[in-house]
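Attaching a single structure in structure tokens format; questions to follow.
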Amino acid sequence: IQEVAEIVAARLAPPAFAVAYAGDEFVVVLPESDQEAALATARGIGAAIAAHTFLADLEPPARLTASLGVATWPRDATRMEDLLAAADRALFQAKETGRNVVSAAGRPA
């Protein structure tokens, strides 16, 4: 989880930030980003995770992929709780579609 957090943080420029959420999930906040910019950031995070070799000092090292859900304010919700719920629905849509997928709220994966 720590290595994933480092990869996520490295892909963000202030004022964007990420927080750990529900075990192995992260919430990334991208102020002033529209849906297309948020999708591009999510795709970049997903690609960076897929390209990284985790636990490189162990044999065998691990490879991971990430499913990512994107929701944007005010397009998908105007309240924080509803925005998180929309992102969660998009995440589950990405997981149902397959591995290493980015899905946006209100759009097919």
Side-chain angles (χ1 to χ4, degrees):
I1 296 293
Q2 184 175 347
E3 285 183 74
V4 172
E6 291 168 2
I7 290 170
V8 171
R11 303 289 305 184
L12 303 178
F17 63 94
V19 294
Y21 182 78
D24 63 348
E25 295 180 3
F26 295 87
V27 171
V28 176
V29 179
L30 303 167
E32 303 172 9
S33 291
D34 63 11
Q35 186 181 62
E36 291 307 314
L39 285 167
T41 299
R43 288 184 189 110
I45 290 169
I49 290 169
H52 186 77
T53 300
F54 291 87
L55 304 171
D57 56 337
L58 298 180
E59 190 58 44
R63 300 302 296 246
L64 302 175
T65 60
S67 298
L68 299 104
V70 173
T72 54
W73 176 90
R75 176 188 175 127
D76 301 310
T78 56
R79 294 179 341 121
M80 180 184 66
E81 295 84 4
D82 296 336
L83 190 59
L84 285 171
D88 203 41
R89 285 190 301 274
L91 171 62
F92 281 101
Q93 179 182 359
K95 288 180 178 182
E96 288 176 0
T97 302
R99 297 186 186 278
N100 206 25
V101 173
V102 176
S103 179
R107 289 174 55 172

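If you read the sequence from its start, that first residue is 1, and numbering goes on from there. On a predicted model such as this, the values are computed, not experimentally measured, just so you know.
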Ser33 versus Ala38, closest heavy-atom pair with distance =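 In this case the closest contact between Ser33 and Ala38 is CB-N, 4.4 Å.
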query = Mind checking whether Tyr21 and Ile1 sit in one hydrophobic cluster, side chains of I, L, V, M, F, W, Y counted as touching below 4.5 Å?
reply =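 Cluster IDs for Tyr21 and Ile1 differ.
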task = Check the pair Leu12 / Leu30 against side-chain contact (heavy atoms from CB on, under 4.5 Å), numbers first and verdict last.
result = CA-CA 8 Å; Leu12 303 178; Leu30 303 167; 3.9 Å; yes
query = Can you check whether Val28 reaches Val70 side chain to side chain, under 4.5 Å on heavy atoms?
reply =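 Result no, sub-4.5 Å side-chain heavy-atom pair not found.
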task = Rounded to the nearest 0.5 Å, what's the gap from CG on Asn100 to CD1 on Ile49? Could you check?
result =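 So the gap between those two atoms works out to 8.5 Å.
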inquiry  = Give me the atom names and distance for the closest heavy-atom approach of Gly46 to Leu68.
reply    =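 Shortest heavy-atom contact: CA-CD1, 4.0 Å.
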request  = Quick one: closest heavy-atom pair of Ala56 and Pro61, and the distance?
outcome  =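 Minimum heavy-atom separation between Ala56 and Pro61: CA-CB, 4.0 Å.
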request  = Evaluate the side-chain proximity of Thr72 to Asp34: yes if any heavy-atom separation is below 4.5 Å, no if none is.
outcome  =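 Asp34 vs Thr72: side chains apart.
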task = Write down the atom of Gly44, the atom of Arg11, and the distance for their closest heavy-atom approach.
result =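 In terms of heavy atoms, the two residues are closest at CA-NH2, 3.4 Å.
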inquiry  = Considering only residues two or more places apart or on different chains, which pairs with a residue in residues 68-81 satisfy salt bridge (charged side-chain N to carboxylate O under 4.0 Å, His left out)?
reply    =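 Sorted pair list: Arg79-Glu81, Arg79-Asp82.
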Of all pairs that satisfy ring-ring contact (aromatic ring centres under 6.0 Å, His included), the ones with a partner from residues 47-67, not counting sequence neighbours =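 Only His52-Phe54 qualify under ring-ring contact (aromatic ring centres under 6.0 Å, His included).
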ask   = Tell me, do Asp88 and Leu84 make a side-chain contact under 4.5 Å, heavy atoms counted?
value =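 Heavy-atom side-chain distance check fails, nothing below 4.5 Å.
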ask   = Does the side chain of Ser67 come within less than 4.5 Å of Leu91's, by heavy atoms?
value =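 Of all side-chain heavy-atom pairs linking Ser67 with Leu91, at least one is under 4.5 Å.
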inquiry  = If we ignore hydrogens and angles and just use 3.5 Å, is the side chain of Glu3 paired with the main-chain N or O of Leu55 as donor and acceptor?
reply    =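 Here the side-chain-to-backbone pair exists.
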ask   = What distance do Leu83 atom CG and Thr78 atom OG1 have between them, rounded to the nearest 0.5 Å?
value =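 Going from CG on Leu83 over to OG1 on Thr78, the span is 9.0 Å.
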CZ (Arg63) with more than 12 external heavy atoms under 6.0 Å =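 Check passes, neighbour count above 12.
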message = Just verifying a value: how many Å separate Thr53 OG1 and Leu64 CG, rounded to the nearest 0.5 Å?
response =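 Answer rounded to 0.5 Å: 10.0 Å.
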request  = For Glu96, enumerate each residue passing the salt bridge (Lys or Arg N to Asp or Glu O under 4.0 Å) test, keeping only those at least two apart in sequence or located in another chain.
outcome  =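 Expected list: none.
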key: Residue pair Ala86 / Ala105: nearest heavy atoms and the distance that separates them   =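 Of all heavy-atom pairs spanning Ala86 and Ala105, the closest is O-CB, 4.0 Å.
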